[in-house]
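Below is one structure; the comments refer to it alone.
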Protein chains: 2
Amino acid sequence: MANINPARRAEIGREKRARTRAQLVEAANSLFARQAVESVTVDDVVREAGVAKGTFYVHFDSLEALTAAVAEELVQSFDEMLQPGRVSLSEPALRIAFGCRAFIDKALNDSRWAAVAARMTAATPKGGENIRRRLFEDLQQLPTESPEETSAELNLEVVVGIMLQILRALGEGRLSSLNRDAVISAILRAIGLGAQEAESVVERLPTTVPEKSSRAAAN
Amino acid sequence: MANINPARRAEIGREKRARTRAQLVEAANSLFARQAVESVTVDDVVREAGVAKGTFYVHFDSLEALTAAVAEELVQSFDEMLQPGRVSLSEPALRIAFGCRAFIDKALNDSRWAAVAARMTAATPKGGENIRRRLFEDLQQLPTESPEETSAELNLEVVVGIMLQILRALGEGRLSSLNRDAVISAILRAIGLGAQEAESVVERLPTTVPEKSSRAAAN
DNA sequence: AGTCATTTCGACTAATTGGTCAATATGAGA
DNA sequence: TCTCATATTGACCAATTAGTCGAAATGACT
């Protein structure tokens, strides 16, 4: 009948909590992959997660909070993917190409991720702001032949537009036999590099560090 | 107390009907321009249109029906914009460039149209299928230097991706001082044309037929 | 002013949704 | 096996939403 260590109690609680919270985030990801973020309801989420409704509100104040959690997880994965290239590559075009290739690789072996990423940028533009900003800086640093005709603002939209559409296509099962390098080459040509320059950048791109093949075929 | 012509009665009715229906479609356009299609409710529509709820169901069976009507109106505007170029231009690159320029011009002086068009392609992919198909055919006809590396499927996503992102940007007020030709040039380079070829196509593009400046600053 | 086919109106119901909370289940440790 | 801090549960409420329908309004014509 003696009391048990309260600190230990809390730890057990945290573990259980974390598991359930992860279930909810996982369910949201599955739902966001197949329908518009704005059309998902709390009931949808708890049904998908196999959890009672009250449990949802123990972990999140509202759907927006859950959406924010999904967005944060996504931003985290962005940063992890983009980090290695940012620190090691000095040439702007190489950094841009590296980032795009990382996105495409990720999308190629996790189409659900691609679908969710594409949908979330439309629903919560806030999350993507950092990546946009960094890409914009790289585009400004890009050496250009005809500065008066080149606009970093336009190039930003061009790169983002191509990448988002590729993510959407892969997320919907289209373009499954996609040539990574062809996409990157198209992007580089669109932002002003010559065809040979673009090819050169693609060839000089360092081989990706072997990924810890986590969620390859999950769900 | 004599009866009046029943045919005349019907005609009066049709006019009133058409006016109210147009109000509803107009309201839907305004709403779709500022929020996700999936988050718009019937109450939103009738409030925006200044019409009673019952009236909505006289004209449309459901929100989907209204959305379809908006989509059809949009597709109609697409066809009108693209028709002149399709009949008069024999070179595929010219046809593609002409179509893109038409879209950009329209978006530049009707940002609401741009926002709605971008949102609708995500919500009702069915409407855009025809335009996609025609663009795909043009891309297949495009003469290419290295056929083994060129994929019309990829180029389709690239062109659509850039155009959609430009529409979104203009619909959100970004990129308002946009250089039309820079966008078209970027698109042509992305799908494999050389820089000079792209410039040549842009310069050979026929001047747009003077538009009947309809809804320039409406709403 | 009176007629009447047609449209519009808005209060109503049923179903869905967001959000709450007292009751119950859990499970490691004593 | 019993304790108890913590997490989970699902019935419940209030607000919103989709969809219906009889009543009121409209307006060209006589």
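Labels below follow one simple rule: chain letters A, B, ... track the order of the sequence lines, proteins then strands, and each chain is numbered from 1.
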- request: Starting from P on C:dT17, measure out to CG on A:D44 and report it in whole angstrom.
  value: 7 Å
- request: Would you mind classifying the nucleic acid contact of A:T41 as base, sugar-phosphate or nothing, using non-hydrogen atoms under 4.0 angstrom?
  value: sugar-phosphate
field: Sugar-phosphate only, base, or nothing, as touched by A:V58 at under 4.0 Å among non-hydrogen atoms
entry: base
message: What verdict does the salt bridge (Lys or Arg N to Asp or Glu O under 4.0 Å) test give for B:K126 and B:E72, after you've listed the backbone C-alpha separation in whole Å, the side-chain angles of each residue and the deciding distance to 0.1 Å?
response: CA-CA 10 Å; B:K126 209 165 182 174; B:E72 193 172 359; over 6 Å; no
query: C:dT8 phosphate, OP1 or OP2: any side-chain N/O from B:H59 under 4.0 angstrom?
result: yes
- prompt: Between C:dG18 atom C1' and A:R47 atom CZ, what is the distance in whole Å?
  reply: 14 Å
query: Over how many whole Å does the gap from A:L63 atom CG to C:dG18 atom P extend?
result: 6 Å
task: Between D:dA18, C:dT17, D:dA7, spot the one nearest the side chain of B:D43, thanks.
output: D:dA18
message: Do A:R34 and A:S30 make a side-chain contact, defined as non-hydrogen atoms from C-beta onward lying under 4.5 Å apart?
response: yes
message: Less than 4.0 angstrom between a side-chain N/O of B:Y57 and OP1 or OP2 of D:dT20, yes or no?
response: no
message: Any donor-acceptor pair, under 3.5 Å, between the side chain of A:K53 and the base of D:dA11, if you only look at N and O atoms?
response: no
task: In whole angstrom, give the distance that lies between atom CG of A:L66 and atom C1' of C:dG18.
output: 14 Å
Any donor-acceptor pair under 3.5 Å from A:R95 side chain to A:R86 backbone: no
